[in-house]
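Taking it in order: structure first as structure tokens, then the write-up.
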Protein chains: 2
Amino acid sequence: MIVIATIRDVAKLAGVSVSTVSRYLNKSGYVNVETERSIKAAIEKLDYAPNQVARGLAGKKTNTIALILPDISNLFFSDLARAVEDVAATYGYTVILGNSDDRADKEKRYIETLKKKYIDGFIFASQTFGPEEAEMLTKLGIPFVCLDRAPSEENASVVRTKNIEGASMAVQHLLDIGCRKIAHIYGPQHLITGRDRLIGYEKSVHAMEWFTPSLLEEGDFRIRGGISATERLMQRHPDIDGIFAGNDLMAIGALKALSRMGIKAGEEVAICGYDGIQTAEITSPELTTIAQPLYEMGALISRLLIKKIEGTLEKDLTYELDVKLLARGSTLDFSPRAKA
Amino acid sequence: MIVIATIRDVAKLAGVSVSTVSRYLNKSGYVNVETERSIKAAIEKLDYAPNQVARGLAGKKTNTIALILPDISNLFFSDLARAVEDVAATYGYTVILGNSDDRADKEKRYIETLKKKYIDGFIFASQTFGPEEAEMLTKLGIPFVCLDRAPSEENASVVRTKNIEGASMAVQHLLDIGCRKIAHIYGPQHLITGRDRLIGYEKSVHAMEWFTPSLLEEGDFRIRGGISATERLMQRHPDIDGIFAGNDLMAIGALKALSRMGIKAGEEVAICGYDGIQTAEITSPELTTIAQPLYEMGALISRLLIKKIEGTLEKDLTYELDVKLLARGSTLDFSPRAKA
DNA sequence: CTGAAAGCGCTTACAG
DNA sequence: CTGAAAGCGCTTACAG
């Protein structure tokens with residue numbers, strides 16, 4: 001077992017007081033150039049590194065943030081988590097991971113246990129995060145930022161994409177390639193992503209002569225929900241030739257459902273998703289999608305949190321990032337004649 | 001801002017000393033039933049919860065473990081991380097996430113910064129973790145456990161699956177469905193998973209008359225590597241009718257490559273992967289794979305670490321879990337005649 | 001520019 | 001069974 005040097009050891013070796021070493025370490029207050037040199041030498045010699053736990057107790061800062069998301073094994077969130085951790089590490093922060101399964105009780109438990117650990121701040125990518133918890137954190141004085149959804153009208157920093165606009169892009173693309181009857185599988189309506197993408201779809205199609213509300217079907221943002229929604233849609237309207245799914249997982253479900261029904265996804269029925277998860281590239285046909293800049297979103301949100309923690313964030317804002325159409329086989333292979 | 005109660009507040013309210021409260025909290029030493037009651041009442045009234053940072057400093061235990069893996073956005077590791085976090089939370093531990101990109105320098109940096117935070121232990125799912133780092137941790141007295149690979153001959157706890165056996169199962173399955181010329185895309189040979197699965201393949205085929213070493217091709221455990229390996233293989237041996245890929249990502253690459261070449265994956269060339277990641281179900285045809293019990297692996301490894309931390313692990317062992325063949329479209333659709 | 005002192009909120013022997 | 005004291009390794013005013 002190795003003996004780890006403390007600030008006292010450094011002070012002794014450098015022939016100064018502990019306070020001076022601390023001041024040097026934190027660059028708070030003046031330190032003479034000479035003494036600075038000897039402190040530096042002592043630190044080097046002893047291979048000293050400040051004990052973060054002691055620092056945490058004394059200074060109430062741990063350089064640790066928590067990322068609370070529904071499920072890290074969900075493709076969307078693992079991409080995001082990667083970005084969050086990258087940026088956090090760059091700024092010298094450590095990331096604690098919490099899976100909430102979108103359950104308020106689990107989420108609260110994380111808040112409870114992590115406040116006792118003096119976590120510096122929270123990122124919520126969870127859907128359950130609401131006003132109650134936001135207030136709890138505010139009272140405790142713990143900074144937080146949110147993905148997609150603001151917990152209340154108050155000022156909180158939020159990062160999301162232009163969902164309405166993105167949905168319109170999806171529909172427009174389907175129209176452009178020649179679709180004449182486009183359905184939408186929408187996500188849960190208690191989520192802003194579910195709602196806004198539905199709004200974008202409706203805006204784009206409500207004036208079309210072929211539009212009817214029965215072209216709408218509810219999904220759950222998961223593959224399974226996409227499958228059953230597609231089945232119901234195709235049964236109701238066998239002449240559907242385009243489907244815009246509220247996210248990629250449901251679009252993958254649509255792909256699956258169609259192929260089970262013996263319909264050529266992509267050729268006979270074009271499909272477009274939303275998110276731009278990596279997996280959209282491994283389906284066949286590959287999935288056309290409205291790509292969110294996942295990495296940027298994660299990077300931005302963790303940068304915002306760190307700024308809040310360090311008190312350098314001017315003011316809370318909602319950031320709506322641009323999305324991008326990635327046209328791939330599931331729409332590019334479309335040839336209306338294939339069906340007729 | 002809320003005022004948080006400390007152990008002193010509890011002691012005062014209960015009319016006892018801080019030591020007694022501490023003893024009650026940690027169930028160390030005797031506490032009279034009466035005083036226990038009043039302490040309990042005080043805790044309830046003040047909504048007291050011990051400060052973990054202070055506890056960490058005084059007792060050198062933080063109830064926090066670190067999970068170091070190559071990349072959380074890799075499907076394999078996100079599934080695993082979920083299990084690790086679940087189990088850790090159950091035992092009252094918090095999980096810190098670190099992405100190493102399989103780079104020794106990043107890995108060491110995590111060790112450096114986390115030891116200063118009094119992390120209780122490490123799980124390494126990273127491939128770079130070697131003897132040097134293992135020694136470093138041993139010297140520091142920090143417990144660790146490893147996925148797949150032991151860092152040295154010394155006693156370390158390791159969790160992996162029966163790779164050789166699993167590979168043989170894959171080959172046997174391909175033979176069973178009628179394949180007569182089976183290639184193997186092997187993973188990096190500095191990884192035990194890459195090596196052992198190759199051994200399993202060779203064991204099963206070396207006596208076959210059709211076997212030739214040119215049925216082997218190297219991959220990198222990623223989709224891209226699977227694609228190019230498959231291209232090279234099919235060029236060399238257009239009559240290959242079965243491919244066993246060393247992991248699912250490369251198998252997905254094989255699927256992609258074949259479809260680009262106009263070959264019907266599944267029907268003309270059967271494909272089997274290894275891992276059992278969730279994504280294997282969303283390809284088309286769905287991917288047959290040798291499934292590792294990912295969740296169990298994650299659960300076991302984190303349970304092992306916690307036992308080591310708490311000193312209740314009898315001895316270090318290497319656990320080799322069973323795998324299971326999940327036969328799906330990529331082999332079940334096989335019909336040799338399709339090609340002829 | 002520097003040091004002594006108090007404090008962060010616990011735990012751990014050690015007396016009693 | 002219980003309490004006083006020292007200590008964990010820092011930071012933060014406050015004097016000088």
Side-chain angles (χ1 to χ4, degrees), chain A residues 1-40 42-43 46-64 113 115-120 140-141, chain B residues 1-40 42-43 46-64 113 115-120 140-141:
Chain A
M1 286 262 222
I2 263 173
V3 185
I4 294 182
T6 72
I7 196 172
R8 290 187 56 194
D9 301 323
V10 175
K12 198 173 294 173
L13 184 61
V16 295
S17 79
V18 163
S19 332
T20 306
V21 178
S22 175
R23 243 178 281 119
Y24 164 80
L25 252 24
N26 299 299
K27 305 192 190 320
S28 59
Y30 303 93
V31 177
N32 184 11
V33 207
E34 292 269 315
T35 64
E36 189 172 324
R37 240 198 300 275
S38 60
I39 292 175
K40 211 180 276 180
I43 288 176
L46 296 171
D47 195 26
Y48 169 75
N51 178 323
Q52 298 300 319
V53 180
R55 209 173 225 182
L57 182 57
K60 261 128 192 79
K61 176 124 196 313
T62 53
N63 276 37
T64 305
T113 82
K115 80 177 185 200
K116 293 186 256 165
K117 296 197 177 183
Y118 283 169
I119 258 37
D120 294 332
L140 289 165
Chain B
M1 286 261 220
I2 264 173
V3 185
I4 294 182
T6 72
I7 196 172
R8 288 187 57 196
D9 301 324
V10 174
K12 198 174 296 174
L13 185 60
V16 296
S17 78
V18 164
S19 333
T20 306
V21 178
S22 175
R23 243 178 282 119
Y24 165 78
L25 252 24
N26 299 300
K27 307 193 187 320
S28 59
Y30 302 94
V31 178
N32 183 11
V33 207
E34 292 269 317
T35 65
E36 187 172 325
R37 240 199 299 276
S38 60
I39 292 175
K40 210 179 277 179
I43 287 176
L46 296 172
D47 194 23
Y48 169 75
N51 178 323
Q52 298 300 318
V53 180
R55 208 174 226 180
L57 181 58
K60 263 129 193 74
K61 176 125 195 314
T62 54
N63 276 39
T64 306
T113 82
K115 83 177 183 199
K116 293 186 257 165
K117 296 197 176 183
Y118 283 169
I119 260 33
D120 295 331
L140 289 164

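The sequence lines fix the lettering, A, B, ..., with proteins before strands; numbering per chain opens at 1.
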Between P of C:dC1 and CD1 of A:Ile39, the distance in whole Å = 13 Å

B/S/- contact track for nucleotides 7-16 of chain D, protein heavy atom under 4.0 Å = BBBBBB----

Looking at residues at least two apart in the chain, or sitting in another chain, which of them share a side chain to side chain donor-acceptor pair (under 3.5 Å) with B:Tyr24?
-> none

Is any side-chain nitrogen or oxygen of B:Thr35 closer than 4.0 Å to OP1 or OP2 of D:dT2?
-> yes

Results of salt bridge (Lys or Arg N to Asp or Glu O under 4.0 Å) for A:Lys116 - residues two or more places apart only = none

Just distance, no hydrogens or angles: give the donor-acceptor pairs under 3.5 Å from side chains in residues 30-38 of chain B, sequence neighbours left out.
from: B:Thr35; atom 1: OG1; to: B:Asn32; atom 2: O; distance (Å): 2.9
from: B:Ser38; atom 1: OG; to: B:Thr35; atom 2: O; distance (Å): 2.9

Taking all heavy atoms of A:Tyr118 and all of B:Val53, pick out the closest pair and write down the distance.
-> CD1-CG2, 3.5 Å

Please confirm whether the backbone N or O of B:Lys61 pairs with a side-chain atom of B:Asp120, one donor and one acceptor, at under 3.5 Å?
-> no

Side chain to side chain donor-acceptor pair (under 3.5 Å) filter on B:Thr113, not counting sequence neighbours, yields none

Paired stretches of DNA chain C - 3 or more consecutive Watson-Crick or G-U pairs, each distance under 3.5 Å | C:1-3 with D:14-16, C:5-12 with D:5-12, C:14-16 with D:1-3

Length of the line joining B:Asn32:CG and D:dG3:C1', which is rounded to integer Å = 15 Å

Can you spot which of B:Asp9, B:Ile7, B:Leu13, B:Ile4 makes a side-chain contact (heavy atoms from CB on, under 4.5 Å) with B:Tyr48?
-> B:Ile7

N/O (side chain, B:Thr20) to phosphate O (OP1/OP2, D:dG3) under 4.0 Å | yes

Please check if any side-chain donor atom of B:Lys117 sits under 3.5 Å from a side-chain acceptor atom of A:Thr64, or the reverse.
-> yes

